[in-house]
**Student:** 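Below you will find the structure I want to go over with you.
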Amino acid sequence: MKQEPIQPQLCIERLRQLLRLEQEEEKKEYLEASGADGLPRRCKRGDAWWPVDVGRSYYNALAQQCIELLRTHDHDIEHQFEPGRPVMVFSLLQAADAADTLRPLTTGTVSFVDGDRMVVAIPDDGTLASIVAAQQVGVQLSYDETSYRTMMEALNKVARAKTGRLAELRDLFYSHRQAQFRNLQPATFPYLNNSQAEALNRVLAAKDVQIVHGPPGTGKTTTLVEAIYETLKREPQVLVCAQSNTAVDWISERLLDHGINVLRIGNPTRVNDKMLSFTYERRFEAHPEYTQLWAIRQALRQLKTQKHKADSTHQKIERLKERAIEIELRIKAELFASARVIASTLVGSAQRVMDGQHFTTLFIDEAAQALEPACWIAIRKAGRVVLAGDHCQLPPTVKCYEAMRQGLAHTLMERLAELHPEAVTLLRIQYRMNEDIMRFPARWFYRGKLVAHPSVKWRGLLDLDRAIEWVDTGLDDNDGGEQFVGSTFGRVNPAEAEQTLAVLQNYFSRIGKARVLSERIDVGIISPYRAQVQLMRRLIRQQPFFKPYRQLLTVNTVDGFQGQERDVIVVSMVRSNEQGQIGFLSDLRRMNVAMTRARMKLIIMGNAATLCRHRFYQELYAYVDSLKHAADNTTAHTAANAAENAVADRTAANDGSAGGADTAPVAEP
């Protein structure tokens with residue numbers, strides 16, 4: 001059957017339209033919720049803290065003025081603040097005879113956040129005094145259109161490309177034409193398994209694009225780091241990007257551990273402490289010529305403050321400017337020339353300091369969580385592209401339903417995997433999960449191609465314990481099931497929350513307190529709904545039984561557990577209704593993430609009658625039930641064998657003893 005041709009220009013234009021929809025939706029949402037009347041809602045969503053205590057203020061290592069803000073309420077709410085995000089500090093003016101008024105005090109950038117403590121870098125313009133003096137101070141996320149503008153500029157450049165490598169990659173990525181590979185003799189890598197070595201060899205041979213598809217626990221990051229390391233034996237420098245600063249820092253740290261010189265591009269306030277000394281700004285300041293440059297800049301500032309400037313002063317200013325530019329360019333050239341890896345977020349690759357830089361190879365980590373327009377920002381600077389991730393897990397966040405419905409959440413990695421299967425290598429051996437936990441998601445999402453490594457295949461916590469269980473909460477649900485708590489939080493199920501903690505308490509008791517604490521058996525409690533997460537956090541704090549275990553317990557949403565793993569995972573599904581409505585639980589990638597976080601034990605808490613109207617959950621329930629019956633049969637068989645052995649031993653003892661008639665009778669097994 002002849003395939004329909006794909007028109008790249010139309011695809012790019014469609015992306016632009018969807019990106020505009022998403023931008024308009026985010027801006028509209030921010031404006032609607034930015035008033036005083038929307039403050040409680042923003043706090044419940046985790047987009048604002050109010051009121052906060054204002055802590056100490058200081059200048060950080062980058063000479064930025066910082067202020068410490070401490071959350072005083074809603075401690076159990078999962079917040080959205082993270083380093084690098086723009087925020088607004090405000091005060092709420094409350095009046096008895098009028099509407100409350102939200103008064104902006106200043107804007108800033110989150111420098112650090114941990115628990116209920118946040119450090120915000122603010123302008124050094126005298127606003128600190130107004131913050132300290134204000135009453136009812138709060139902080140909320142701000143709308144920032146920089147990333148949208150950068151993505152739109154990238155799409156425009158891609159659309160306009162007539163010739164050159166960018167046009168070639170665009171036309172390939174939107175066509176069925178096969179990607180090209182060099183005919184290289186495969187190298188051996190004894191420290192990698194066969195599928196990892198295959199992926200690495202394909203990366204080295206790729207002329208255009210290669211995808212490293214890494215399901216949970218298959219060593220995707222290890223493979224990617226080795227691919228970068230081997231590529232650097234053949235190329236002088238590569239560009240490594242990811243959607244988030246956290247992902248960029250993680251891959252950069254692994255490269256540094258390999259002894260690779262990494263230059264981290266990005267706002268230093270968005271970089272973690274370990275990577276701070278490797279940022280462009282820090283290395284720029286550490287360069288031997290920086291002292292001279294600083295002195296020139298100081299002289300320029302002094303000359304510019306003179307009210308009456310002679311011609312000779314103007315000439316001196318121009319000479320100093322030229323000298324400063326010369327030194328800046330020389331320092332920049334030396335920093336880029338000495339680095340083997342340039343690392344940044346996808347949006348960060350468009351920073352001015354990256355102007356004029358071009359790379360033979362671009363690596364995009366966590367590519368399945370990046371919007372396609374964001375990927376094109378970095379692709380403009382590359383000759384070929386390597387994407388790593390798993391498009392069967394969580395997609396990128398899209399707030400506009402219409403944009404999501406029309407395909408904005410459909411990533412470049414998904415598109416390439418569909419159009420160019422010849423460029424995809426699946427990592428097949430996983431090192432995380434017990435085989436029984438792995439088998440169902442492997443069959444449903446990865447065509448049954450995943451294999452459990454022998455080191456984890458039978459891992460477990462208790463003898464004769466089933467690695468995966470489904471506790472049907474509908475059987476004991478006498479409190480009305482799920483409850484709707486608003487569009488922001490969706491649903492909550494108090495009865496199921498109580499059952500979830502009761503099941504976990506029983507499991508801890510079976511293992512034994514001493515063993516749980518000494519072996520530090522960690523547990524993740526996952527729910528797709530934030531309201532259920534907050535409820536279970538409160539219940540855990542209220543129940544004395546869990547006090548010794550609190551450091552080992554993490555309660556969070558599916559998104560919060562992306563990239564993590566625990567010995568035990570308990571999933572509270574929440575949905576319980578007669579109509580069989582399951583909402584966004586029908587996005588099965590979320591369930592894939594939730595299930596595959598578990599190393600040794602997975603417990604699913606859910607109303608089977610509600611969930612099993614969906615084929616996925618129906619088959620999952622049947623799979624878990626088959627394991628239960630198999631385990632019961634095994635247990636019965638083991639018990640029967642033990643009883644038979646006992647009878648044989650007793651009979652032998654009776655045959656060999658005097659006065660057998662006086663021996664007590666043997667009970668039937």
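Computed from heavy atoms alone, side chains included, the values below leave out hydrogens, waters and symmetry copies. All figures in this text were calculated on a predicted structure; none of them were measured in a lab. Residue numbers run from 1 in the order of the sequence given.
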**Student:** Do D567 and R520 sit within salt-bridge range, that is, some charged N less than 4.0 Å from a carboxylate O?
**Tutor:**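 Here D567 does not pair with R520 in a salt bridge, since their nearest N and O are not under 4.0 Å apart.
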
**Student:** Using the rule given for side-chain contact (heavy atoms from CB on, under 4.5 Å), can you reason through Y191 versus Q196, listing the C-alpha separation, both sets of side-chain angles and the distance that settles it, and then say yes or no?
**Tutor:** CA-CA 9 Å; Y191 43 85; Q196 291 172 336; over 6 Å; no

**Student:** On a heavy-atom basis, which atom in A452 and which in Q430 lie closest, and how many Å separate them?
**Tutor:**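 So the two residues come closest at CB-NE2, 3.5 Å.
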
**Student:** Say whether, by atom type as modelled, one donor and one acceptor occur between the side chain of T411 and the main chain of E372 under 3.5 angstrom.
**Tutor:**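 Answer holds: no.
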
**Student:** For D390 and Q393, which I'm curious about, is there any donor-acceptor pair between the side chains at under 3.5 Å?
**Tutor:**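 Short answer, yes.
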
**Student:** Minimum heavy-atom separation for L517 and P548, please, with both atom names.
**Tutor:**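 For L517 versus P548, the nearest heavy atoms are CD2-O, 3.4 Å.
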
**Student:** Quick one, F546 and L553 - any side-chain contact, counting heavy atoms below 4.5 Å?
**Tutor:**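 A side-chain contact under 4.5 Å exists here.
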
**Student:** Quiz question: by atom type and distance under 3.5 Å, do the side chains of Q483 and N493 form a donor-acceptor pair?
**Tutor:**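 Side chains of Q483 and N493: no pair found under 3.5 Å.
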
**Student:** So do V574 and S527 actually touch side chain to side chain, heavy atoms under 4.5 Å?
**Tutor:**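 In contact.
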
**Student:** Might you work through the ring-ring contact (aromatic ring centres under 6.0 Å, His included) test for Y623 and W444, ending with a clear yes or no?
**Tutor:** CA-CA 12 Å; Y623 169 72; W444 188 277; over 10 Å; no

**Student:** As a quick check of understanding, evaluate side-chain contact (heavy atoms from CB on, under 4.5 Å) for L172 and H420, giving each step before the final call.
**Tutor:** CA-CA 9 Å; L172 172 67; H420 302 286; 3.7 Å; yes

**Student:** Give me the one residue out of I211, L204, T361 that meets side chain to side chain contact (heavy atoms under 4.5 Å, CB included) with V386.
**Tutor:**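 Of all the options given, the one that passes is T361.
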
**Student:** Can you check whether I260's main-chain N or O pairs, donor with acceptor, with H258's side chain at less than 3.5 Å?
**Tutor:**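 Not confirmed, H258 side chain does not pair with I260 backbone.
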
**Student:** I want to check a possible cation-pi pair here: R202 against F181, using under 6.0 Å from ring centre and within 45° of the ring axis as the test.
**Tutor:**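 Yes, a cation-pi geometry.
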
**Student:** For the pair R415 (side chain) and H410 (backbone), establish whether a donor and an acceptor sit closer than 3.5 Å, ignoring hydrogens and angles.
**Tutor:**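 Side chain of R415 to backbone of H410, a donor-acceptor pair under 3.5 Å: no, none is there.
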
**Student:** How far apart are the C-alpha atoms of L19 and M151, what are their side-chain angles, what is the distance that settles it, and do they pass the side-chain contact (heavy atoms from CB on, under 4.5 Å) test?
**Tutor:** CA-CA 8 Å; L19 193 61; M151 285 188 282; 3.7 Å; yes

**Student:** Determine, step by step, whether T345 and Q243 satisfy the side-chain hydrogen bond (donor to acceptor under 3.5 Å, both in side chains) criterion, reporting the C-alpha distance in whole Å, the side-chain angles of both residues, the deciding distance to 0.1 Å, and the verdict.
**Tutor:** CA-CA 6 Å; T345 62; Q243 174 70 15; over 6 Å; no

**Student:** Determine the minimum heavy-atom distance between A179 and E422, stating which atoms define it.
**Tutor:**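 Closest pair (atom of A179, atom of E422, distance): N-OE2, 2.8 Å.
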
**Student:** Does the plane of the ring in H614 sit parallel, tilted or perpendicular to the ring in Y617? Use 30° and 60° as the thresholds.
**Tutor:**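 Perpendicular: the ring planes of H614 and Y617 meet at over 60°.
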
**Student:** CD of E578: more than 12 outside heavy atoms within 6.0 angstrom?
**Tutor:**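 At most 12 heavy atoms, drawn from other residues, nucleotides or ligands, come within 6.0 Å of this atom.
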
**Student:** Kindly determine whether R254 and E226 satisfy salt bridge (Lys or Arg N to Asp or Glu O under 4.0 Å), including the steps that lead there.
**Tutor:** CA-CA 10 Å; R254 297 290 299 272; E226 294 299 334; over 6 Å; no

**Student:** Main chain of M600, side chain of N434: is a donor-acceptor contact present, judged purely on distance under 3.5 Å?
**Tutor:**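 No; zero donor-acceptor contacts below 3.5 Å.
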
**Student:** Atom CG of L346 and atom OG of S244: how far apart are they, to the nearest 0.5 Å?
**Tutor:**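 That separation rounds to 9.5 Å.
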
**Student:** Any salt bridge linking R384 with E235? Criterion: basic side-chain nitrogen under 4.0 Å from a carboxylate oxygen.
**Tutor:**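 Looking at E235 together with R384, the answer is yes, because their closest N to O distance falls below 4.0 Å.
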
**Student:** Looking at E565 and R599, is there a salt bridge between them, counting it only when a charged N and a carboxylate O are closer than 4.0 Å?
**Tutor:**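 Looking at E565 together with R599, the answer is yes, because their closest N to O distance falls below 4.0 Å.
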
**Student:** Compare all side-chain heavy atoms of Q543 with those of E498 and state whether any distance is below 4.5 angstrom.
**Tutor:**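 Yes, close enough: below the 4.5 Å cut-off.
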
**Student:** To the nearest 0.5 Å, what is the distance between CD (Q581) and OG (S586)?
**Tutor:**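 Taking CD in Q581 and OG in S586, the distance rounds to 11.0 Å.
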
**Student:** Looking only at heavy atoms, what is the nearest atom pair of A227 and V203, with distance?
**Tutor:**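 Reported closest heavy-atom pair: CB-CG1, 4.1 Å.
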
**Student:** Report the distance from atom CG of D559 to atom CD of Q369, rounding to the nearest 0.5 Å.
**Tutor:**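 Those atoms lie 8.5 Å apart.
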
**Student:** Is there side-chain contact between L450 and F445, with at least one heavy-atom pair below 4.5 Å?
**Tutor:**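 SC-SC contact between L450 and F445 ruled out.
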
**Student:** Using 0.5 Å steps for rounding, measure from the CD1 atom of I582 to the CG atom of N607.
**Tutor:**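 Rounded to the nearest 0.5 Å, the CD1-CG separation comes to 12.0 Å.
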
**Student:** Locate the shortest heavy-atom distance separating R590 from V558; write the atom from each residue and the value.
**Tutor:**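 Looking at all heavy atoms of both residues, the shortest contact is O-CG1, 3.4 Å.
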
**Student:** Could you tell me whether R447 atom CZ has more than 12 heavy atoms of other residues or ligands within 6.0 Å of it?
**Tutor:**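 No, not enclosed.
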
**Student:** I'd like to know if E22 and K399 make a salt bridge, using a cut-off of under 4.0 Å between side-chain N and carboxylate O.
**Tutor:**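 No, no charged N to carboxylate O under 4.0 Å.
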
**Student:** So V341 and F363, do their side chains get closer than 4.5 Å, heavy atoms only?
**Tutor:**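 Side chain of F363 against side chain of V341, heavy atoms only: no contact under 4.5 Å found.
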
**Student:** Is it true that a side-chain atom of T218 and a backbone atom of I429 form a donor plus acceptor pair closer than 3.5 Å?
**Tutor:**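 Flag not set: sc T218 to bb I429 has no pair under 3.5 Å.
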
**Student:** When you compare the side chains of E496 and S576, does any donor N or O come within less than 3.5 Å of an acceptor on the partner?
**Tutor:**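 No - no donor-acceptor pair under 3.5 Å links their side chains.
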
**Student:** Under 3.5 Å, is there a donor on one side chain and an acceptor on the other for R432 and T596?
**Tutor:**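 The criterion, which ignores hydrogens and geometry beyond distance, is not satisfied for T596 and R432.
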
**Student:** Measuring only between side-chain heavy atoms, which start at C-beta, is F173 closer than 4.5 Å to I379?
**Tutor:**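 Yes. Closest side-chain heavy atoms under 4.5 Å.
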
**Student:** Considering all heavy atoms of both residues, which atom of S344 and which atom of L239 are nearest to each other, and what is their separation?
**Tutor:**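 Smallest heavy-atom distance, with atoms named: OG-CD1, 4.5 Å.
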
**Student:** May I ask you to check whether over 12 heavy atoms, not counting those of N194, lie within 6.0 Å of atom CG?
**Tutor:**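 Not more than 12 within 6.0 Å, no.
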
**Student:** Verify whether one side chain among R575 and Y529 offers a donor that lies under 3.5 Å from an acceptor in the other.
**Tutor:**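 Yes.
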
**Student:** Do I251 and L224 come close enough that some side-chain heavy atom pair is under 4.5 Å?
**Tutor:**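 SC-SC contact between I251 and L224 confirmed.
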
**Student:** Working to the nearest 0.5 angstrom, can you tell me the gap between T554 OG1 and Q564 CD?
**Tutor:**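 Between T554 OG1 and Q564 CD, I get 7.0 Å after rounding to 0.5 Å.
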
**Student:** Nearest 0.5 Å, please: how far is CG in L552 from CG in D522?
**Tutor:**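 The CG atom of D522 sits 7.0 Å away from the CG atom of L552.
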
**Student:** Go through the steps to decide whether K601 and D465 satisfy the test salt bridge (Lys or Arg N to Asp or Glu O under 4.0 Å), and finish with yes or no.
**Tutor:** CA-CA 9 Å; K601 181 73 173 182; D465 186 26; 3.0 Å; yes

**Student:** Keeping the roles fixed (side chain from N506, backbone from A502), state whether a donor-acceptor pair exists under 3.5 Å.
**Tutor:**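 Absent.
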
**Student:** May I ask you to check whether Y446 and N592 show a side-chain donor-acceptor distance below 3.5 Å?
**Tutor:**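 On atom types as modelled, these side chains qualify, holding a pair under 3.5 Å.
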
**Student:** Donor-acceptor pair, distance only, cut-off 3.5 Å: does the side chain of N201 make one with the backbone of A187?
**Tutor:**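 Yes; judged by distance alone, with no hydrogens or angles, the pair exists.
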
**Student:** Does a side-chain heavy-atom distance below 4.5 Å link V212 with L387?
**Tutor:**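 The answer is no; the side chains never approach within 4.5 Å.
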
**Student:** Evaluate the ring planes of F616 and F440, with Trp represented by its six-membered ring, and classify them as parallel (under 30°), tilted (30 to 60°) or perpendicular (over 60°).
**Tutor:**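 Perpendicular.
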
**Student:** Assess the residue pair M595 and I569 against the criterion (side-chain contact (heavy atoms from CB on, under 4.5 Å)); give the C-alpha distance rounded to whole Å, side-chain angles, the decisive distance to 0.1 Å, and a yes or no.
**Tutor:** CA-CA 8 Å; M595 294 174 65; I569 288 291; over 6 Å; no

